[in-house]
Amino acid sequence: MPRIVITPDRCKGCELCVDACPQQILGMGRKINSKGYFYAEVVEQMRCIGCRLCCITCPDTAIEMRVNGTMYHYFSY
Amino acid sequence: MPRIVITPDRCKGCELCVDACPQQILGMGRKINSKGYFYAEVVEQMRCIGCRLCCITCPDTAIEMRVNGTMYHYFSY
Amino acid sequence: MAKKLMKGSEAIGEAAVQAGCRLFFGYPITPQNEIPEYMSLRLPQVGGCFVQAESEVAASNMLYGAAGTGERVMTSSSSPGISLMSEAASYLAGAELPVVIVNIVRAGPGLGGILPSQGDYFQATRGMGHGDFRLLVLAPWSVQEAADLVQDAFDLADFYRNPVMVLGDGLIGQMMEPVEFSSDRQPIKELQPKTWAATGCPGDRPTNIINSLFLDPEELERHNWKLKAKYDAMTRDEIRSASYAADDDYDVLIVAYGTVARVCSTAIDELRERGVRVAMVRPITLFPYPYQAIRDAALRASSVLVVELSTGQMIEDVRLALEGARPIHFHSRVGGMLVTPDEVIEKVECILAGGAAEVSHG
Amino acid sequence: MAKKLMKGSEAIGEAAVQAGCRLFFGYPITPQNEIPEYMSLRLPQVGGCFVQAESEVAASNMLYGAAGTGERVMTSSSSPGISLMSEAASYLAGAELPVVIVNIVRAGPGLGGILPSQGDYFQATRGMGHGDFRLLVLAPWSVQEAADLVQDAFDLADFYRNPVMVLGDGLIGQMMEPVEFSSDRQPIKELQPKTWAATGCPGDRPTNIINSLFLDPEELERHNWKLKAKYDAMTRDEIRSASYAADDDYDVLIVAYGTVARVCSTAIDELRERGVRVAMVRPITLFPYPYQAIRDAALRASSVLVVELSTGQMIEDVRLALEGARPIHFHSRVGGMLVTPDEVIEKVECILAGGAAEVSHG
Amino acid sequence: MAETVFSRPGALAPVITHYCPGCTHGIIHRLIAEVIDELGIRERTVGIAPVGCAVLAYNYFTVDFQEASHGRAPAVATGIKRARPDLIVFTYQGDGDLASIGMAEIVHCANRGEKVTVVFVNNAIYGMTGGQMAPTTMPGQIATTCPLGRDVEQAGHPIRIAELLSTLRTPSFVARAAVHTPLYAVNAKEMLRRAFRYQVAGTCFSMVEVLSTCPTNWGVPPVEANRWLAQNMMPFYPLGVFKTPDGADRAPTPGAGD
Amino acid sequence: MAETVFSRPGALAPVITHYCPGCTHGIIHRLIAEVIDELGIRERTVGIAPVGCAVLAYNYFTVDFQEASHGRAPAVATGIKRARPDLIVFTYQGDGDLASIGMAEIVHCANRGEKVTVVFVNNAIYGMTGGQMAPTTMPGQIATTCPLGRDVEQAGHPIRIAELLSTLRTPSFVARAAVHTPLYAVNAKEMLRRAFRYQVAGTCFSMVEVLSTCPTNWGVPPVEANRWLAQNMMPFYPLGVFKTPDGADRAPTPGAGD
Amino acid sequence: MQNDVIMAGFGGQGILLIGKMLAYAGMHEGKEVSWLPSYGPEMRGGTCNCTVVISDRPVGSPVIRSPRAVLAMNLPSLDKFERDVRPGGLLLVNSSLINRDPARTDLTVVKVPANEIANSLGNPRAANMVALGAYLGATGAVSIAEVEAVVRETFSAKPQLVDSNLLALHRGFEVGAAATGKAVASVAEEGS
Amino acid sequence: MQNDVIMAGFGGQGILLIGKMLAYAGMHEGKEVSWLPSYGPEMRGGTCNCTVVISDRPVGSPVIRSPRAVLAMNLPSLDKFERDVRPGGLLLVNSSLINRDPARTDLTVVKVPANEIANSLGNPRAANMVALGAYLGATGAVSIAEVEAVVRETFSAKPQLVDSNLLALHRGFEVGAAATGKAVASVAEEGS
Ligand SMILES: Cc1ncc(C[n+]2csc(CCOP(=O)(O)OP(=O)(O)O)c2C)c(N)n1
Ligand SMILES: Cc1ncc(C[n+]2csc(CCOP(=O)(O)OP(=O)(O)O)c2C)c(N)n1
Ligand code: SF4
Ligand code: SF4
Ligand code: SF4
Ligand code: SF4
Ligand code: SF4
Ligand code: SF4
Ligand SMILES: [Mg+2]
Ligand SMILES: [Mg+2]
């Protein structure tokens with residue numbers, strides 16, 4: 001089961017991950033982080049398919065992905 | 001009738017004209033000009049076909065060509 | 001014309017346009033980007049042409065080419081970009097081309113920082129490029145003066161057929177102040193038609209050649225002395241300086257140029273209010289340098305304070321002016337830090353309290 | 001090793017190799033082509049590498065990169081090419097990189113000519129690039145001294161982590177003289193391992209960064225004063241000068257450097273033979289400048305004569321040294337013309353006959 | 001136990017960059033760092049930062065760095081690599097840096113076949129200095145020094161660096177990629193991987209041009225910037241491998257997308 | 001009466017050049033002068049001399065001249081043409097000048113589409129400074145800075161400027177010619193004529209690369225130098241028109257002659 | 001007589017604009033003026049500030065280390081500049097965005113809920129005008145009439161904005177005028 | 001004691017080489033020496049020259065405007081340098097290529113038919129060695145034995161050339177030695 005972890009203080013609120021997620025399960029929160037940005041949040045963790053597109057697109061390595069068990073990827077990366 | 005005129009003091013003795021003349025009627029003389037070069041001479045003016053190849057190849061505009069009457073050229077230049 | 005509130009960079013650009021400059025070649029660099037940006041919009045409006053060059057090297061050589069046609073031309077840059085113009089500066093001086101070069105100095109060396117500095121003084125007054133040549137260097141202390149000096153710069157460049165540098169810093173470039181352009185400005189020098197320009201050779205006149213090469217050393221020697229004679233003429237006729245609070249008596253004479261002199265003027269006002277007798281001479285031309293004015297003013301004081309944004313460059317010229325006649329004190333901030341009026345006040349008080357001079361083997 | 005008759009250019013190249021220089025980046029320019037040409041043949045023989053750069057701009061930045069790995073590196077050029085290295089010189093100084101730059105000066109400004117000159121004195125000692133920095137400048141007067149100073153230059157560069165310039169002219173570059181390389185030369189300074197070099201970052205040590213950018217002005221200010229402290233240390237420890245015929249009394253003191261000093265030595269010999277009391281101080285380091293040695297020597301004379309191949313550059317340093325203590329006379333040839341012993345003799349005789357000094361408001 | 005399958009690579013420093021929100025410089029940094037990690041070359045890599053928005057790149061990688069003067073990174077790289085051929089040397093350069101002031105240096109570095117890797121970030125603008133025209137700025141695109149839009153009559157057309165370098169006879173690896181969507185970023189990483197591998201093997205010079213965004217100076221939000229890139233830049237700057245050292249070149253395509 | 005059908009063109013000064021015997025710089029000078037005469041533009045032409053053997057070109061033409069610093073002639077030309085679009089501006093540059101130090105300037109001048117004409121004299125060597133390696137020096141060719149012959153592993157392969165400039169999107173006229181035999185010179189003149197005509201018409205940037213000899217630094221007599229050029233340079237530097245402004249380009253041929 | 005002020009806030013708050021307006025008005029009033037923006041590395045950080053000097057005599061230093069007044073439009077600005085205000089000087093605080101009290105007690109502190117006032121006027125972007133008004137009210141550095149003229153000119157292309165901006169200016173002015181003289185003005189309540 | 005000489009001629013005459021040989025020999029003899037070629041624009045003109053200084057003391061100026069001796073291998077060189085020879089100095093003239101008499105009367109003039117002598121020895125390229133020998137004979141600047149050693153070393157790769165060059169050197173030496181002291185030596189006849 002893939003789990004997405006967004007570090008609020010690394011997020012600059014660019015919304016690229018939101019745009020990238022094929023499951024549309026990321027969204028911008030309403031809280032402001034220490035740098036003054038509204039940061040991204042996982043809205044529906046359960047529907048995450050572990051595609052890593054959000055991780056790959058985040059320019060600020062604000063997103064990590066953790067998995068229990070083995071995980072096969074759609075693309076070599 | 002084409003006539004080739006070589007100005008001795010402009011000639012640097014490079015022999016390019018000698019090499020270029022299809023009629024092989026140019027040659028290097030045995031006299032030295034004011035710059036210390038052996039200069040080119042027309043050996044057999046009569047056989048000149050007026051092709052202007054010597055003129056065109058001379059890097060030092062040492063060669064002029066004069067003609068009596070009309071003259072048609074093999075190439076536009 | 002009425003007064004307008006203008007950014008220094010824009011005032012410099014507008015002044016050039018008003019002075020008849022129709023060509024600008026430049027390359028972006030902070031903190032002077034507003035000059036090329038202004039010119040890119042403004043020059044086409046007056047039938048001129050702005051070219052963003054691929055580099056400062058290219059910009060300065062475009063300047064050379066355009067100046068060689070006799071047109072009024074300008075470039076601007078900031079310290080690292082100015083260094084890249086060194087070779088061209090030498091060529092411009094050697095070929096006697098009138099151009100205006102604006103250097104909005106930033107802190108160095110190397111990439112350094114982008115905040116104000118006066119660290120390019122040596123380069124501007126002496127070493128910008130190889131060989132024996134000089135730039136005429138003008139250092140404004142306000143936006144209005146920047147605008148005025150830029151216009152004068154074009155006249156001086158044309159008159160002497162020599163590159164003229166306007167030396168400012170980020171403050172001059174970035175700040176807004178009221179500026180007025182006179183609508184009927186006359187050239188400050190009597191200018192001759194540029195019959196030397198290479199603009200096509202009609203009929204049989206000898207060709208005009210823009211050139212700094214002289215293979216015959218005797219000819220090159222003559223050329224060098226001819227250039228030297230121009231620098232001597234500048235030294236005779238073009239020296240400019242201003243004094244501040246020097247009508248009254250003073251014990252300490254401050255020497256400072258550019259925006260630093262502004263800061264010093266504030267300090268002087270406060271010190272005068274407290275009864276401290278202090279005045280200032282402000283060089284406006286950095287080459288030719290107002291040695292005599294400074295010497296004369298210094299002899300009225302008991303000591304001299306040089307304030308500059310470098311670890312000690314203009315102070316050498318002050319030493320040359322004084323030749324040991326008065327002790328010289330020094331205050332500076334560098335790296336983009338600015339001198340404050342308080343610091344100057346403190347320094348003056350310390351001098352009057354008997355603080356040791358930096359330079360005093362006179 | 002035995003004495004060998006070598007061209008100055010080759011001796012400079014060989015000296016660098018002997019000093020452990022394994023990388024040379026350069027671009028052809030007369031009159032120093034023999035240096036890169038020598039290096040292109042010699043360096044591969046000792047496992048080193050010669051790169052003909054696409055320009056002097058590129059060469060100087062290759063120098064920067066290679067120096068940043070801690071290797072000993074050199075470039076050489078002549079005046080216009082040196083101007084193109086101005087930006088890099090400032091970066092090298094800012095990033096504190098030890099490199100050796102040879103300038104075989106030719107006559108300027110601009111393309112000028114290719115014959116000997118000392119017209120780059122200001123550039124070398126003050127204005128080579130933007131910002132507050134200095135090159136340590138060494139000026140040999142013979143081929144042997146050129147070889148020695150080049151080797152010292154590498155040690156000084158490493159010790160101070162600062163670019164060092166060897167300033168010669170076409171005579172030094174082109175003439176052949178006997179040269180001897182000692183087979184067991186020791187560094188003239190105690191050198192530390194170059195732990196600052198960027199050569200890959202093992203484990204967890206902080207990364208090494210070769211850099212001249214300091215966005216924080218307070219940091220940049222500290223950096224500037226740190227550099228200044230190095231220049232002060234050089235001024236304290238590295239000044240070199242030589243005197244000639246100064247053991248006996250003298251009335252006129254000549255100040256000259258480089259090959260011009262050779263010419264003056266011949267003139268002095270002849271003058272001494274005629275009983276004219278004249279001596280010479282020859283600066284070997286141009287920065288730091290031997291102000292004190294010159295002042296001390298000058299105070300023993302009644303007047304001073306500066307001889308140089310420029311319209312008047314080093315004379316400023318002599319003025320700074322003397323601060324008016326003695327009248328200063330000046331003799332020069334420029335544009336590739338050379339000073340002759342006869343001219344110097346004539347000038348000295350004219351001084352002794354009461355000729356007016358160029359500079360004498362002391 | 002949960003295994004972390006995606007996180008910051010070791011070659012990337014755990015700091016927050018100064019890049020604007022959504023600026024794809026950050027993605028490119030991470031891709032490079034991942035490749036360095038994967039190839040196990042971190043401890044012998046030296047990076048070269050440009051003058052441009054990436055001027056502080058030396059703070060963002062855990063590898064030794066040199067800061068080059070504007071445009072001269074390829075010369076600096078040459079110096080390093082010639083001095084220490086055992087090091088892995090890469091430059092990171094913007095389009096102003098590489099394609100404008102540094103044109104001579106990049107062409108000659110590539111032509112000498114210096115065994116270094118160049119990452120060329122083409123964002124069609126001068127980011128750091130506040131949005132002036134770059135050699136790669138698109139026709140009609142507004143910038144502060146072409147306030148009415150780039151006029152190709154005055155300023156010429158954008159320069160295609162990958163195509164230009166591909167004409168050189170000296171063997172090299174030249175490719176163009178983009179990072180405006182994650183899948184393009186995956187491809188970009190593959191290009192970077194190949195580029196570094198060629199260097200590790202000592203084969204040749206390698207350059208990857210990466211199309212990138214500058215939301216700030218383009219004046220659009222990041223997501224829109226990505227779309228703008230796809231719509232405007234990609235047709236003119238075709239992606240792909242333009243040259244490989246073994247000669248299996250894809251012929252340069254001048255006129256493609258014109 | 002005898003009519004003179006071939007003599008020094010009016011745009012060429014009646015002086016004797018400093019070029020070495022048989023150096024083809026002289027031929028190229030004359031061809032340019034003839035074209036200037038034919039187009040009737042002498043009185044509004046400004047030439048730009050390079051730093052190189054042609055440094056004194058300003059003495060050899062009867063047109064106004066500027067002497068540029070090494071490599072920067074295209075920038076000087078830009079300055080002149082922008083200041084005075086009515087003038088006909090040409091540069092005359094060697095391979096060290098144009099292809100080495102001046103690479104950035106020529107690429108950008110061409111890319112901006114400056115309406116100037118560049119005559120690029122490629123003699124595969126630095127003539128004036130005494131025979132150092134040029135970017136165009138042939139593999140294995142001996143020069144004073146590659147005393148064992150150009151090693152392509154260290155110095156890379158020669159650069160083909162015409163091909164390189166042809167990749168630029170901005171319209172231009174780019175051709176390569178040679179003058180080592182009179183008939184090739186005839187063709188070279190035709191290329192120069194076209195190049196100047198495009199400028200006169202205000203159409204575009206134009207460049208003609210002319211393969212040339214340097215008997216002195218190649219160390220062979222002039223006639224042999226011409227043969228060496230044909231045998232060694234021509235296979236690597238194919239002649240022809242590489243680009244025309246109307247798009248009837250001949251595709252660049254990287255790899256041709258490899 | 002010299003008035004000088006550092007105005008500071010976020011990038012989008014229109015700080016540089018009101019600084020320029022103030023300088024313009026001063027100039028029109030025949031005063032000597034200078035306006036200096038911060039530039040440099042911090043520019044990108046999202047905060048910005050400018051220094052305006054208005055004087056009867058030629059302006060000396062355009063850089064003011066200890067200004068007679070500071071206008072802090074957000075918290076970072078207050079944090080940065082509070083300590084610099086000249087003793088006895090003026091500190092204007094945008095209480096809409098700043099929820100802490102100034103630490104210094106030797107200043108005239110004026111709290112202006114600039115955003116709230118602007119919102120209440122239906123023009124949320126006019127918070128800067130409120131602040132400018134408050135500065136004018138508190139200092140009288142230039143006459144509000146001159147500033148009004150500048151506002152009209154500035155928005156001449158968008159006439160629909162003139163009124164709300166003028167209104168904002170006046171509401172701010174009232175707050176500033178009312179508050180001056182009091183050690184800590186608590187106009188926040190009044191104003192909103 | 002200092003000897004200095006300017007040697008001048010056409011590019012191909014081996015002038016720079018004999019200058020270097022002289023300097024080498026001087027160095028081997030323990031003297032201070034310098035050798036300076038002309039460089040610069042005239043280089044291309046086809047003529048070349050060098051200055052050699054041999055001295056007991058460190059060499060001062062390596063540039064000699066008024067040399068103690070001039071060796072003119074062709075007419076342009078005589079034209080150029082005749083006037084520079086120090087009064088009372090030595091002027092060596094290659095009479096094979098120079099058909100005019102020197103104009104100056106205050107010099108020791110030695111005419112050497114260098115090419116003819118060399119031709120007569122079957123090594124036309126050794127004219128430079130004849131001239132060098134003549135200079136040595138006329139001045140004794142360095143011992144001929146040292147020069148011989150240098151010649152051997154120089155031609156060590158082409159031993160077949162050693163003898164004819166040594167012979168040329170000696171024949172020149174004889175001419176120089178015989179002629180010195182006489183105001184205008186007329187050895188041309190003797191020598192050929
Ligand atoms: C010699 C020199 N010229 C100009 C500059 C100013 N400058 C800094 S970055 C830059 C261009 C940045 O654009 P780019 O390379 O495209 O990088 P980006 O910021 O877009 O990533 C310029 C012109 C400089 N620092 N040095
Ligand atoms: C900045 C600078 N660098 C180097 C030189 C020296 N230089 C003069 S000409 C030349 C190269 C000449 O070669 P090329 O351009 O091929 O012309 P050619 O002589 O072969 O016709 C060089 C390097 C210079 N004058 N200026
Ligand atoms: S891993 Fe894929 S599905 Fe999951 S949040 Fe990221 S983008 Fe969406
Ligand atoms: S992509 Fe990264 S920085 Fe951007 S919103 Fe998502 S988590 Fe934040
Ligand atoms: S015109 Fe032709 S045939 Fe006549 S001499 Fe010249 S080359 Fe020979
Ligand atoms: S080509 Fe010209 S220079 Fe050469 S030999 Fe013939 S006439 Fe003389
Ligand atoms: S200015 Fe542009 S390129 Fe630079 S960090 Fe911001 S978005 Fe990125
Ligand atoms: S050196 Fe070469 S290129 Fe120069 S003039 Fe002589 S032959 Fe021609
Ligand atoms: Mg960019
Ligand atoms: Mg060439």
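Within every chain, numbering begins at 1; the chains are lettered A, B, ... in the order of the sequence lines, protein sequences first and strands thereafter. For the numbers below, each heavy atom of this structure counts, side chains included, while hydrogens, waters and symmetry mates do not.
The distance from the CZ atom of C:Arg262 to the OG atom of G:Ser34 is 6.0 Å, given to the nearest 0.5 Å. The distance from the CE atom of G:Met27 to the CD atom of C:Glu177 is 11.5 Å, given to the nearest 0.5 Å.
Among C:Thr340, C:Leu338, C:Val339, the single residue meeting the side chain to side chain contact (heavy atoms under 4.5 Å, CB included) criterion with G:Val63 is C:Leu338.
Residue pairs meeting the salt bridge (Lys or Arg N to Asp or Glu O under 4.0 Å) criterion with at least one member in residues 13-39 of chain G, sequence neighbours excluded, are G:Glu29-G:Lys31. Among residue pairs with one or both ends in residues 83-100 of chain G, those qualifying as salt bridge (Lys or Arg N to Asp or Glu O under 4.0 Å) are G:Asp79-G:Arg100, G:Glu82-G:Arg100; sequence neighbours excluded. Residue pairs meeting the side chain to side chain donor-acceptor pair (under 3.5 Å) criterion with at least one partner in residues 271-283 of chain C, sequence neighbours excluded, are C:Glu145-C:Arg282, C:Asp251-C:Arg277, C:Arg274-C:Glu349.
At most 12 heavy atoms of other shown residues, nucleotides or ligands fall within 6.0 angstrom of atom CZ in G:Arg125. Within 6.0 Å of the CG atom in C:Asp247, the count of heavy atoms belonging to other residues, nucleotides or ligands does not exceed 12.
Heavy-atom distances place both the backbone and the side chain of G:Val59 under 4.5 Å from chain C. Heavy-atom distances place no part of C:Thr259 under 4.5 Å from chain G, backbone and side chain included. Residue C:Pro341 touches chain G through its side chain alone, counting heavy-atom pairs closer than 4.5 Å.
Between G:Pro37 and C:Gln174 the shortest heavy-atom distance is CD-O, 3.2 Å. The shortest heavy-atom contact between G:Arg57 and C:Asp269 is NH2-OD2, 3.0 Å.
Of the possible donor and acceptor atoms, one in the side chain of C:Thr266 sits under 3.5 Å from a partner among the backbone N and O of G:Ser61.
Taking C:Cys264, C:Pro31, C:Ser142, C:Ser265 one by one and counting their heavy-atom pairs under 4.5 Å with chain G, the maximum is reached by C:Pro31. Among the candidates C:Gly336, C:Ala267, C:Gly170, the residue making the largest number of heavy-atom pairs closer than 4.5 Å to chain G is C:Gly170.
Contacts from residues 7-17 of chain C to chain G, taken as heavy-atom pairs separated by less than 4.5 Å, involve C:Lys7 in sequence order.
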